[in-house]
Amino acid sequence: DAGITQSPRYKITETGRQVTLMCHQTWSHSYMFWYRQDLGHGLRLIYYSAAADITDKGEVPDGYVVSRSKTENFPLTLESATRSQTSVYFCASSESSSAFYNEQFFGPGTRLTVL
Amino acid sequence: GENVEQHPSTLSVQEGDSAVIKCTYSDSASNYFPWYKQELGKRPQLIIDIRSNVGEKKDQRIAVTLNKTAKHFSLHITETQPEDSAVYFCAASHILSYGKLTFGQGTILTVHP
């Protein structure tokens, strides 16, 4: 579990500000994911990446931007934060998309509050 | 896209009792079904998973069953202990989804000593 980290762990920002959440993994996993966790909704996928420079939208991508220039990093940017983006954000990674090895390992999460 | 429904949303049991959490999925192409446990303030962690080529899998006190015809799968915890108290999430995925998981809404399990 120490192989995937997120920063910051806690962030308070104001409406309209840009915020970037960082995710770093040391396993050289190909796949990386960003989820948000809200009460009553479980974990919802925001964006995912199959490899460096390959990203695609998940279930709730609006208001978010991602990039992946290096395999180990997958930052998530809120271009203009809104109160509805107050949530706990989890980054995850997996070694392969193979149906026979799909375990995703989660980072410790970032609790974001937008005032 | 895939939709996963999870029930119940909360479950309270006495220590030593069994607990069952059920999930249904909508995409018949889904073939991988993991269960994650999330303790308060912690990250989700995989506890057990099942692929579509098997109907049941056990690991000590936990087991998962899969009914592909009915498109539902269940988590069974026997001889529950207070440390089993957590939020449990089911999820579904298939080989063409690039590893993406669709999660259920979660079940808060409380085990009373």
Side-chain angles (χ1 to χ4, degrees), chain A residues 1-6 9-10 23 25 27 29-51 54-61 66 68 74 87-111, chain B residues 1-10 21 23-27 29-54 57 59 64 66 68 86-108:
Chain A
D1 287 358
I4 182 165
T5 58
Q6 293 182 235
R9 295 293 314 280
Y10 303 90
C23 179
Q25 52 103 355
W27 294 309
H29 283 172
S30 297
Y31 287 79
M32 296 188 75
F33 310 86
W34 273 107
Y35 295 92
R36 61 177 290 173
Q37 184 173 29
D38 305 288
L39 192 63
H41 291 280
L43 292 148
R44 292 181 291 175
L45 183 66
I46 304 171
Y47 269 94
Y48 68 99
S49 170
I54 301 175
T55 63
D56 205 352
K57 298 177 180 178
E59 180 185 354
V60 289
V66 294
R68 196 169 175 204
F74 191 37
S87 186
V88 179
Y89 291 85
F90 285 99
C91 177
S93 70
S94 68
E95 183 172 352
S96 166
S97 71
S98 163
F100 295 96
Y101 196 86
N102 260 11
E103 179 175 1
Q104 288 189 18
F105 296 89
F106 284 79
T110 294
R111 183 174 294 275
Chain B
E2 176 66 278
N3 183 53
V4 178
E5 296 288 333
Q6 182 173 346
H7 299 280
S9 56
T10 61
I21 303 170
C23 290
T24 60
Y25 61 98
S26 61
D27 189 345
S30 289
N31 58 1
Y32 174 67
F33 307 94
W35 287 87
Y36 284 81
K37 175 183 180 182
Q38 185 180 27
E39 297 176 352
L40 188 63
K42 301 291 182 64
R43 71 190 80 190
Q45 292 191 302
L46 181 72
I47 56 171
I48 195 167
D49 57 17
I50 190 167
R51 276 82 179 183
S52 59
N53 56 338
V54 298
K57 182 178 179 180
D59 183 3
V64 57
L66 172 65
K68 287 211 71 179
V87 181
Y88 291 82
F89 292 98
C90 63
S93 176
H94 63 76
I95 193 169
L96 298 179
S97 68
Y98 301 100
K100 293 184 293 180
L101 293 174
T102 300
F103 284 87
Q105 296 87 344
T107 296
I108 301 172

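Lettering follows sequence order; numbering is per chain, from 1.
Both the backbone and the side chain of P44(B) come within contact range of chain A, each with at least one heavy atom under 4.5 Å from a heavy atom of that chain. At a 4.5 Å heavy-atom cutoff, E59(A) makes no contact with chain B through either its backbone or its side chain. Residue L45(A) touches chain B through its side chain alone, counting heavy-atom pairs closer than 4.5 Å.
Within the 4.5 Å cutoff, no side-chain heavy atoms of H7(B) are placed close to those of Q105(B). Under the 4.5 Å side-chain criterion, counting only non-hydrogen atoms from C-beta, F89(B) is in contact with Q38(B).
By the side chain to side chain contact (heavy atoms under 4.5 Å, CB included) test, S26(B) is found to be paired with E2(B), N3(B), residues two or more places apart in sequence or in another chain being considered. Residues meeting the side chain to side chain contact (heavy atoms under 4.5 Å, CB included) test with V60(A), sequence neighbours left out: R36(A), R44(A), I46(A).
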